[in-house]
Amino acid sequence: MSRPTRRLVIAVRADPVICGHSGEARNLAEVALTRGFDDVVLLTWPIPTLQSAGLPLKPLDRLLPYSPGITVERPEAVGDYRVPDGRHLAGLTGRLVELLSEPVPTVCLSMYLVPHTQVINDAVIAARAAGFDPDVHTIAKAVGSDVTNVIRSCLREGRFGAATVLLTTFLASDEVVAVSEYTRDEIIASAEEVDAHCGTTFAQQCRERVTVSYPPIDSSAFTDLDPAAVDAALERRGLKRDRYVLFLSRVARAKGIYDLVIAYGQMRCRDDVKLVVAGTGPALEHVQAMAKEDDRIIFLTDVDDDEKPLLMAGCAAYALPTKPEPDFVETFGIALAEKGLAGGGPIITTATGGVLEAVGDAAVIVEAGDIAGLADAVDRVVLDMSEQERRDLEIRAREHAMTFDRVAVFDQLFAAKPL
């Protein structure tokens with residue numbers, strides 16, 4: 001077997017995790033094969049470890065395959081049960097050291113500072129200390145919850161030492177990027193708090209170095225959908241085109257699912273459209289219990305990547321009333337951009353976090369947490385909006401979402417890399 005000439009390693013929570021950033025990794029990996037990389041490795045976690053963590057996962061028997069040249073590696077834990085977390089980190093770091101020991105120019109991209117950026121940093125340090133002299137360029141991407149959950153939690157709890165570690169881990173990479181302008185601003189604001197408390201200079205470094213790289217989306221999977229395929233998918237689910245409002249996301253409080261279910265009970269349009277809740281997540285069982293007496297609310301927990309755009313294209317409206325919570329803020333909203341590509345009914349969402357970056361001016365915006373306003377917005381879209389208004393929103397949404405096409409995002413992120 002010939003040795004690769006150019007390698008990309010992405011450390012990420014990859015499939016089967018239901019997470020927009022696992023999709024990001026897939027899309028960057030696929031484009032890399034067309035941009036001179038002949039070996040792409042997704043370095044991720046063993047499936048039993050993901051299952052035991054309680055993460056929402058896709059059906060294992062319906063995962064989309066990767067193209068030849070892309071390898072998903074799931075290193076087993078190192079050592080025995082007495083070091084439960086460090087064993088897995090040692091497995092990931094050790095495997096990356098093995099890859100870096102080969103004389104192959106390599107780019108290492110991490111998504112999630114904890115622990116993936118740490119894994120890459122430690123592997124590079126170890127490879128250099130061992131004398132391997134790796135030809136490597138590292139990129140750390142703060143995906144949003146790195147800041148809104150992890151760093152912000154440290155600051156709320158007064159754990160400035162932990163926040164310092166996170167920021168130094170981030171800035172130790174050759175290149176540092178954020179998933180949105182909102183996320184970049186949050187990074188700088190967090191760094192200012194740490195600086196004020198610790199006398200550090202993180203904020204200035206972040207202002208000078210952090211750039212933005214939006215999530216890459218495979219636009220071809222969402223555009224030019226076959227109308228017959230849409231109708232067939234809806235028929236299998238007992239649905240009809242333009243006869244349902246769609247929520248397709250992680251079923252969690254911060255996504256506004258409770259607000260949407262309550263609002264649906266107040267909508268004038270509920271006799272005309274069903275509410276479809278597609279996804280899994282920590283709030284699923286509670287929301288199902290809330291809706292058990294309402295046969296107009298349908299739950300779909302097994303939607304795969306092929307079916308997702310078809311459900312989006314067939315809906316009367318797509319509602320994601322995301323709202324800020326202490327442990328999560330929508331820092332972009334990949335599903336919103338995907339919905340813009342798929343077409344179908346208008347998007348109804350909020351101005352939380354980086355959402356407006358995802359939707360531009362092509363969505364109906366309601367105030368986060370305003371249940372009555374959410375009900376009125378859905379009623380207006382379903383009952384009162386003209387076909388021309390709906391069509392104008394659909395066109396604008398697709399035009400805006402095309403700026404996140406994976407080829408354009410890849411080329412911007414990897415432009416002028418020293419390889």
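When reading the values below, keep in mind they use all heavy atoms of this one structure, side chains included, and skip hydrogens, waters and symmetry mates.
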- Message: Under the ring-ring contact (aromatic ring centres under 6.0 Å, His included) definition, can you give me all pairs with a residue in residues 272-291, not counting sequence neighbours?
- Response: Y258-H286
- Message: Under the criterion salt bridge (Lys or Arg N to Asp or Glu O under 4.0 Å), I'd like the reasoning laid out for R62 against D306: C-alpha separation, chi angles, the key distance, then a yes or no.
- Response: CA-CA 9 Å; R62 280 188 279 162; D306 287 330; over 6 Å; no
- Message: Angle between ring planes, F332 versus F404, binned at 30° and 60°: parallel, tilted or perpendicular?
- Response: perpendicular
- Look up atom CD1 in I120 and atom CD1 in I125, then write down how far apart they are to the nearest 0.5 Å. 12.0 Å
- Can you tell me if CZ on R241 sees more than 12 non-hydrogen neighbours from other groups inside 6.0 Å? yes
- Query: Looking at CD of Q205 and CD1 of I187, how far apart are the two atoms once the value is rounded to the nearest 0.5 Å?
  - Reply: 13.0 Å
- Looking at residues at least two apart in the chain, or sitting in another chain, which of them share a ring pair (Phe, Tyr, Trp, His ring centres under 6.0 Å) with F132? none
- Hey, are the side chains of V378 and C269 touching, using non-hydrogen atoms and a 4.5 Å cut-off? yes
- Item | Distance flag, aromatic centroids of Y264 and F247, threshold under 6.0 Å | no
- Message: Tell me whether R26 is salt-bridged to D218, with the criterion being a basic N under 4.0 Å from an acidic carboxylate O.
- Response: no
- Item | Distance in Å, T350 OG1 paired with K255 NZ, rounded so as to fall on 0.5 Å steps | 10.5 Å
- Query: Which residues satisfy the side chain to side chain contact (heavy atoms under 4.5 Å, CB included) test with I262, sequence neighbours excluded?
  - Reply: Q266, M290, I371
- Item | Plane angle bin for F410 and F414 - parallel if under 30°, tilted between 30 and 60°, otherwise perpendicular | parallel
- Pairwise distance CZ(R250) to CG(L284) - rounded to 0.5 angstrom: 12.0 Å
- R236 and E307 ion-paired at < 4.0 Å: no
- Item | Interatomic spacing from NE2 in H88 to OG1 in T49 - rounded to 0.5 Å | 3.5 Å
- Message: Give me the atom names and distance for the closest heavy-atom approach of A337 to A401.
- Response: O-CB, 3.3 Å
